[in-house]
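Read the structure below first, then the notes.
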Amino acid sequence: MLPGFPHAEPLAGLAGGILIGLAAAVMLLGSGRIAGVSGIFARATGVASSSLPRVAAWAFVLGLPVGALVIMALNGPLTPSFMSLPWIAVAGLVVGVGTRLGSGCTSGHGVCGVSRLSPRSLVATLTFMATGIATVAIVNALN
Amino acid sequence: MPQKLTSEALVALVSGVLFGAGLALGGMTDPARVRGFLDLFGNWDPTLAFVMGGAVLVMAAAWLIQPRMIHPLFTNVFSLPKVRDITPRLVIGAGLFGIGWGLAGLCPGPGIAALVIEPVSAAVFVATMLIGMVLVRLFEKDA
């Protein structure tokens, strides 16, 4: 599909990205809000307060697996490859702490903020891309 | 439920479903693919660049429409981030988030969406992410 990258799926990636962009656009133009998953999850669970009604926060959070189910119904089962559970647990903790301190994740900063050219989001996105790339490089080197 | 609350919850649900579908279609619910994208110095998989690119392009169009609207379609005001300063907290948080993202190949959206794909692994991720978020909140209360 993509010369030099036999495992890449650029068309599916682009289509998925367009859906994510539409999702964020619906949130912005419909409700006037940023579709930032970590923030909305924090709002839903009561960790953070915001003007977003809690029922709306839960509607968004529960919509995520529903959307994945729709794709599985249309495209057939997904065959992901997850890391081991202890590894995931450590990562989850770090992601939870990091997204609260950094006020966002790949969606709020990476999609909504970068497309708005927000300086904070540009800095955050460059930072988490850099540490993510470094982490994978170190882990792969150790293995 | 009051009409405004209902419409906000519906907007959030539509956004969440689109978001989850985009994540699954774009391959972001497969940690191996995400880690492949972060493996810039190894066996790089550029798929996620297409996901991010598609999402940012669509959302950039939404940001062009937004200033021309008096208010969002279903609410009275735009509730958008007003903080502009780039703080150590932002950079440290984003840096930590990137480490967790690289360790497990999961960020908050795909972690939640994957609850219907790989339930045990995703539940461990979501639960530990919540613990991390609560930890930040506890620390902030003490500070």
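Remark: side-chain polar atoms of A/Arg100 are not paired, donor with acceptor, to backbone N or O of B/Gly132 under 3.5 angstrom. Remark: side-chain polar atoms of A/Ser121 are not paired, donor with acceptor, to backbone N or O of A/Ser118 under 3.5 angstrom.
A perpendicular orientation is assigned to the rings of A/Phe5 and B/Trp44, their planes being inclined by more than 60° (bins at 30° and 60°).
Heavy atoms closer than 4.5 Å to chain B are found in the side chain of A/Val123, but not in its backbone. No part of B/Val34 comes within reach of chain A, as not one of its non-hydrogen atoms sits under 4.5 angstrom from that chain. Only the side chain of B/Phe41 comes within contact range of chain A, with at least one heavy atom under 4.5 Å from a heavy atom of that chain. B/Val77 touches chain A through its backbone: at least one of N, CA, C or O sits under 4.5 Å from a heavy atom, while the side chain does not. Heavy atoms closer than 4.5 Å to chain A are found in the side chain of B/Leu135, but not in its backbone. Contacts between A/Thr135 and chain B at a heavy-atom distance below 4.5 Å involve the side chain alone, from C-beta outward. Of the two parts of B/Val136, only the side chain, counted from C-beta on, holds a non-hydrogen atom closer than 4.5 Å to a non-hydrogen atom of chain A.
Counting only N and O atoms by type, the side chains of B/Thr87 and B/Asp85 include no donor and acceptor under 3.5 Å apart. Side-chain contact of A/Ser103 with B/Arg89: a donor-acceptor pair under 3.5 Å is absent, judged by distance alone.
Not counting sequence neighbours, B/Phe125 has no partner by the ring pair (Phe, Tyr, Trp, His ring centres under 6.0 Å) test.
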